[in-house]
Amino acid sequence: MTATPPVAARPIRILGVRVDDVTMQEACDHLAMLMAQGGVHQVATVNTEFVMAAQRDPVFASVLEATTLNVPDGVGVLWAARRLGHPLRERVAGVELVRELAARGSQYKWRAFFLGARPGIAERAAANLALRYPGLIVAGTYAGSPQPDEEEAIRARVRHAQPNLLFVAYGAPAQDKWLARNLPQLQWGPAPDGAPEGLIGVGVGGVFDFLTGLQKRAPGWMQQAGLEWFYRLLRQPWRWRRQLSLVRFVWAVMLKSG
Ligand code: UDP
């Protein structure tokens with residue numbers, strides 16, 4: 001592996017939440033470098049719902065403070081950054097990040113564990129990625145739940161599978177808190193035959209649902225126009241209450257930026 005310079009992840013703050021100004025390429029280069037060095041690292045895919053949840057949930061706020069990388073996932077975050085005078089260079093969408101990490105994994109023979117979503121979905125998401133990125137090793141899949149009484153059993157499964165990538169799909173903030181509580185206890189190693197020893201945990205929200213086609217992503221033009229939230233509202237109208245947080249977010253950013 002070629003030496004990778006440290007990531008130019010200039011952190012900015014959006015309503016107090018750290019978001020790292022990284023491109024997809026920089027994020028993946030940095031994570032590949034950390035993977036080669038070993039240790040455990042947590043990544044969050046920050047969108048407007050994360051920012052608003054962190055305002056009222058100090059535990060979630062401190063989890064987002066302690067992560068290795070908070071990638072800007074969503075046009076709302078990019079808009080706010082521009083408005084607050086610290087523009088971010090690129091959106092790093094969770095589903096694309098998972099695909100890119102799978103592509104790196106196929107190059108470096110990383111082992112990936114898929115945790116969460118409805119029963120059967122993690123298996124299908126993993127199979128879909130493994131087909132597309134041969135070389136990526138599916139170390140394990142399991143739906144489980146983020147309930148504390150399941151944690152010990154899930155940790156045992158994950159430890160046994162010895163993954164390098166742990167994608168957790170329990171929705172935010174549950175998945176990110178789950179990772180913060182459990183990731184430090186999941187370190188394993190040393191790996192046989194010089195295989196990578198690092199462990200990178202990523203909270204991925206609905207990514208497995210998108211990878212399996214259970215949920216459809218908005219058409220390209222809607223993503224470009226920043227209307228992905230509207231598409232989601234049309235397809236999942238029961239989310240309207242959650243999407244109110246978007247209105248509160250816009251309001252809070254406007255107040256802050258004057
Ligand atoms: N999920 C889960 N267990 C839970 C809550 C959620 O497995 O207790 C899964 C759900 O099936 C979905 C994913 O978490 O695959 C993300 O859900 P959502 O779409 O709400 O998250 P977002 O993408 O908005 O963060």
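Order of appearance sets the numbers: ligands from 1, and atoms from 1 within every ligand.
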For this session: Give the C-alpha distance, both sets of side-chain angles, the deciding distance and a yes or no for side chain to side chain contact (heavy atoms under 4.5 Å, CB included) between D21 and H86.
Result: CA-CA 9 Å; D21 181 22; H86 310 290; over 6 Å; no

Exercise. What do the steps show when you test E150 against S145 for side chain to side chain donor-acceptor pair (under 3.5 Å), and what is the final call?
Worked result: CA-CA 7 Å; E150 274 203 54; S145 94; 3.0 Å; yes

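At least one heavy atom of Y170 sits closer than 4.0 Å to an atom of ligand 1.
For atom 7 (O) of ligand 1, the closest non-hydrogen atom of the protein is A117 N, 2.9 Å. Taking atom 17 (O) of ligand 1 as the reference point, the nearest protein heavy-atom neighbour is G171 CA, 4.2 Å. With hydrogens left out, the protein atom closest to atom 20 (O) of ligand 1 is R242 NH1, 2.9 Å, a heavy atom. The nearest heavy-atom contact from the protein to atom 19 (O) of ligand 1 is R232 NH2, 3.1 Å. Closest to atom 25 (O) of ligand 1, if we only count protein heavy atoms, is G205 CA, 3.6 Å.
Side-chain polar atoms of E49 and S245 form no donor-acceptor pair below 3.5 angstrom. For Q236 and R232, the side-chain atoms include at least one donor-acceptor pair closer than 3.5 Å.
Residue G116 has no N or O atom closer than 3.5 Å to an N or O atom of ligand 1.
Contact atoms of ligand 1 toward A169: 1 (N), 2 (C), 7 (O), 9 (C), 13 (C), 14 (O) (distance under 4.0 Å to a heavy atom of the residue). Taking every heavy atom of G206 and a limit of under 4.0 angstrom, the matching atoms of ligand 1 come to 16 (C), 21 (O), 22 (P), 23 (O). Atoms of ligand 1 found under 4.0 Å from any heavy atom of D209, numbered from 1 in the order shown, are 12 (C), 15 (O).
Cluster membership check: M24 shares its hydrophobic cluster with L129, using side-chain heavy-atom separations under 4.5 Å among Ile, Leu, Val, Met, Phe, Trp and Tyr.
Only the side chain of R239 comes within contact range of ligand 1, with a heavy atom under 4.0 Å; no backbone atom does. Contacts between Q236 and ligand 1, counted as non-hydrogen atom pairs separated by less than 4.0 Å, are absent for every part of the residue. In P146, the part holding a heavy atom less than 4.0 Å from any atom of ligand 1 is the side chain.
Remark: S62 pairs with no residue by the side chain to side chain contact (heavy atoms under 4.5 Å, CB included) rule, at least two apart or across chains.
Aromatic rings from Y142 and F113 are positioned such that their centres are separated by 6.0 Å or more.
The backbone N or O of E65 sits less than 3.5 Å from a side-chain atom of R18, completing a donor-acceptor pair.
Summarising the geometry, atom CG belonging to L101 is positioned 10.0 Å from atom OH belonging to Y133; distances are rounded to the nearest 0.5 Å.
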